[in-house]
Amino acid sequence: MEDDEPEEKPSTWRRVRRIGYVVLSLVILLPLTAFVVAYLVLDVRSPQEVLAELDKTAGISYADGSEMMKVVPEQGDRIYVRYDDVPPELRDAIIAVEDPTFWQNEGFDPLGILRAAVTGVGGGSGITQQYIKNATGNDQATYFRKFSELVLSTKITQQRSKEEIFESYVNIISFGRGTFGPASAANAYFGKPLADLTRSEAAFLAGMIQSPSVHDPAASSHTHAEKRWNYVAEKLVTRGYVTEAQRAEMRYPGDAVVPPAETRAGRLTYSEYHVKRRVLAELEGHGFGLDRLRQGGLKIETTLDRQAQADSEKAVADQLTGQPDYLRAALVAVEPGSGAIRAYQGGKWGVRDYAGTPQSPGSAFHPFVVAAGLRQGENLDRKYPAPDKLDYGGRTVKNEASCDAPECSVRDAVRRSVDTPFVEMTKRFGAVAVSQAARDAGIPAEVDGTPTLREPDGVTIGPGIAVGAYPVRAVDLASAYGTFAAGGMRTEPYFVQRVLDAEGTVLWEHTAAPTLAVEPQVTAGITEALRREDGTVLKAGSHRFGDTGDNAGAWLAEYTDRLSTVVWVGADEERRLRDSANNRVTGDTLPANIWRAFRR
């Protein structure tokens, strides 16, 4: 009978259904279980922890706070920018092109991932995932890496605000040209502060993120870069960040893009290099080593006056234009009473810092001999023998100028730069007294471990001190003359006014501690001796080149109550200095021309 036959179909169907349920459960539960386990096991460091470990770019500014240069880490220019300081136009452009659902998603955009899988266009990674990839340093093209990114993106979204995630992301990504973060990028591509970006320039930078080495017009072409810019601009419209009218006003900013060779990040002129070295050395002495500066992204405010620095560089360049190539020059201007260095030109000819390299001052050292005498009751009208030449301690001293008389007053000897009277003065006052007068005014006891104003043995004071044979640095001479300008109040010359953190909090600030080092009546006498008929207080000096009648170095030192300025002109090695007209170079020629061009 048919009713007695077994019913096999329902039984088979039940088995199929059961298998289906099991498979479906595995399909759902296994990934879910894996996700939960990974969520519990995997961890991502906070954005603050990641960024704290990265070297940032420390900024060096002029006294007015405007940027002078950067201290760039080896891995690239990285200036930290807070979320609120990222222009809204740039935030919108980045989100529009990199992760349009950023504000709503839970760390990733499922549709974006699916779309990338189907079309093969784009990696499907949103902002949070890109942050994870950059923070972990794992960019291997594996399924496990992508899975880990999804898990960690979800986790960090639950732990951190969207603003925090965006801030961390935008500071860790590269915009190309060796830059990390939008501030460095704004400078590298447009040579301007981040806050000054236009909407069109913001769209340009947002377009760099996907592939800077491809989209940078310097790497491809402006034609290619403009296509990428148009893509970003259209995304801004379709995703509601700009209106059609605003889009119509936007223009590809190709003309504003700075060529890479002209960008300043990490590349300095030699003049800037000398300043940087002096600033960093000074900071090291205050406990701010290079690592601390970079890790904190600190800001260093210097004493340098922006206009004075520009004027000093121009003065040196203009006055040496057309002159023999071997000529070198340095200029330093120090503020009397505070010691703040307002201008510093160490030269444009290489890593040698001529303002910080000891050179023989010659007759520019005469005022210190006078100071030693005034301390002992000397007066400016006392006369001393002024023969054309004089032997002193095995050294023959010859005059370059003359007093037109057998004797010369202290006053005239200073003004005319007649050397032999200063030999007689040093014999009278004592070489030790002359050395002490120079030290009290501001010539340091040693430079880089080498004693100054001494013979090679580091102890003996020879006859050369009478005529400025012992080398001194231009910066120290400017400081010492500044002591005369300040009525005898001495302060150490310095470059760094204050150090601030990324938030603008002052971490350290220079405090001047002037001390009375030279008697006021002495400085008054020096000023009187140096004052010329036009009222300027200056000393033109030179260092002789053997018995040739020419000079190996020429100086001009001048001071007011506002500034003490010293100019040196010489060469890499001692030689006869001649200008383009084959005239002798003296303190009253090229150094004076540079000073007049700079004079403030």
Side-chain angles (χ1 to χ4, degrees), residues 47-48 50-52 54-59 61 66-67 70-73 75-100 102-103 126-128 130-131 133-135 161-213 215-218 225 228-229 231-233 235-236 241-242 250 252-253 256-258 260 263-266 294 296-299 502-504:
Q48 289 78 3
V50 173
L51 292 169
L54 298 173
D55 282 348
K56 305 172 188 67
T57 299
S61 71
S66 58
E67 183 183 289
K70 301 173 182 178
V71 182
V72 180
Q75 69 268 30
D77 188 7
R78 190 190 300 275
I79 300 175
Y80 189 81
V81 180
R82 294 175 299 178
Y83 174 83
D84 290 339
D85 293 329
V86 180
E89 294 84 358
L90 182 58
R91 292 203 302 261
D92 293 346
I94 290 174
I95 292 171
V97 74
E98 293 295 323
D99 192 353
F102 172 71
W103 295 112
I127 283 175
T128 310
Q130 290 182 52
Y131 167 73
K133 181 174 68 175
N134 283 277
S161 71
K162 288 289 188 176
E163 288 78 7
E164 287 179 296
I165 293 171
F166 183 88
E167 180 178 309
S168 302
Y169 158 80
V170 82
N171 279 287
I172 204 173
I173 57 172
S174 172
F175 284 80
R177 296 194 177 185
T179 65
F180 294 86
S184 301
N187 182 67
Y189 286 98
F190 299 108
K192 61 168 56 177
L194 179 61
D196 294 345
L197 286 180
T198 66
R199 189 188 303 277
S200 293
E201 291 166 345
F204 178 93
L205 291 185
M208 290 297 105
I209 296 172
Q210 183 198 63
S211 183
S213 60
H215 300 316
D216 184 346
R228 177 63 180 169
W229 178 85
Y231 172 82
V232 177
K235 291 298 182 184
L236 283 169
Y241 289 104
V242 301
M250 294 173 65
Y252 170 67
V257 176
V258 180
T263 59
R264 302 300 302 279
R294 286 174 172 169
L298 304 185
K299 302 174 183 177
E503 304 296 321

Roughly how far, to the nearest 0.5 Å, is [atom2] of [Y] from [atom1] of [X]?
X: L205; Y: S200; atom1: CG; atom2: OG; result: 11.5 Å
X: Y241; Y: D92; atom1: OH; atom2: CG; result: 6.0 Å
X: E164; Y: R82; atom1: CD; atom2: CZ; result: 14.0 Å
X: D84; Y: E167; atom1: CG; atom2: CD; result: 8.0 Å
X: Y231; Y: H215; atom1: OH; atom2: NE2; result: 9.5 Å
X: E89; Y: M250; atom1: CD; atom2: CE; result: 10.0 Å

Do [X] and [Y] make a side-chain contact, defined as non-hydrogen atoms from C-beta onward lying under 4.5 Å apart?
X: W229; Y: P253; result: yes
X: K70; Y: N187; result: yes
X: F180; Y: I173; result: no
X: L194; Y: P87; result: yes
X: I95; Y: W103; result: yes
X: E98; Y: Y169; result: yes

All pairs passing salt bridge (charged side-chain N to carboxylate O under 4.0 Å, His left out) where residues 192-204 contributes a residue, at least two apart
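Those involving residues 192-204 are K192-E201.
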Could you name each residue pair satisfying salt bridge (charged side-chain N to carboxylate O under 4.0 Å, His left out) that touches residues 181-191, not counting sequence neighbours?
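Listed once each, the pairs would be none.
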Can you name the nearest heavy-atom pair linking [X] to [Y], along with the distance?
X: D99; Y: G126; result: OD2-CA, 3.4 Å
X: V257; Y: P217; result: CG1-CG, 4.1 Å
X: A206; Y: V232; result: CB-CG1, 4.3 Å
X: R91; Y: V86; result: NH1-O, 2.8 Å
X: L236; Y: A93; result: CD2-CA, 3.6 Å
X: S174; Y: P212; result: O-CG, 3.9 Å

Please check this pair: side chain of [X] against backbone of [Y], looking for a donor-acceptor N/O pair closer than 3.5 Å.
X: R177; Y: A185; value: no
X: T179; Y: S184; value: no
X: Y189; Y: F175; value: yes
X: D77; Y: G178; value: no
X: R78; Y: A58; value: no

Geometric class of the Y252/F204 ring pair [parallel <30°, tilted 30-60°, perpendicular >60°]:
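Rings of F204 and Y252: tilted, as their planes differ by 30° to 60°.
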For the pair V170 and V81, evaluate side-chain contact (heavy atoms from CB on, under 4.5 Å) and give the outcome as yes or no after the intermediate values.
CA-CA 8 Å; V170 82; V81 180; 5.7 Å; no
With sequence neighbours excluded, residues passing ring-ring contact (aromatic ring centres under 6.0 Å, His included) with F102
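F102: no ring-ring contact (aromatic ring centres under 6.0 Å, His included) contacts found.
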Candidate pair D216 and M208, rule side-chain contact (heavy atoms from CB on, under 4.5 Å), full reasoning:
CA-CA 7 Å; D216 184 346; M208 290 297 105; 4.3 Å; yes
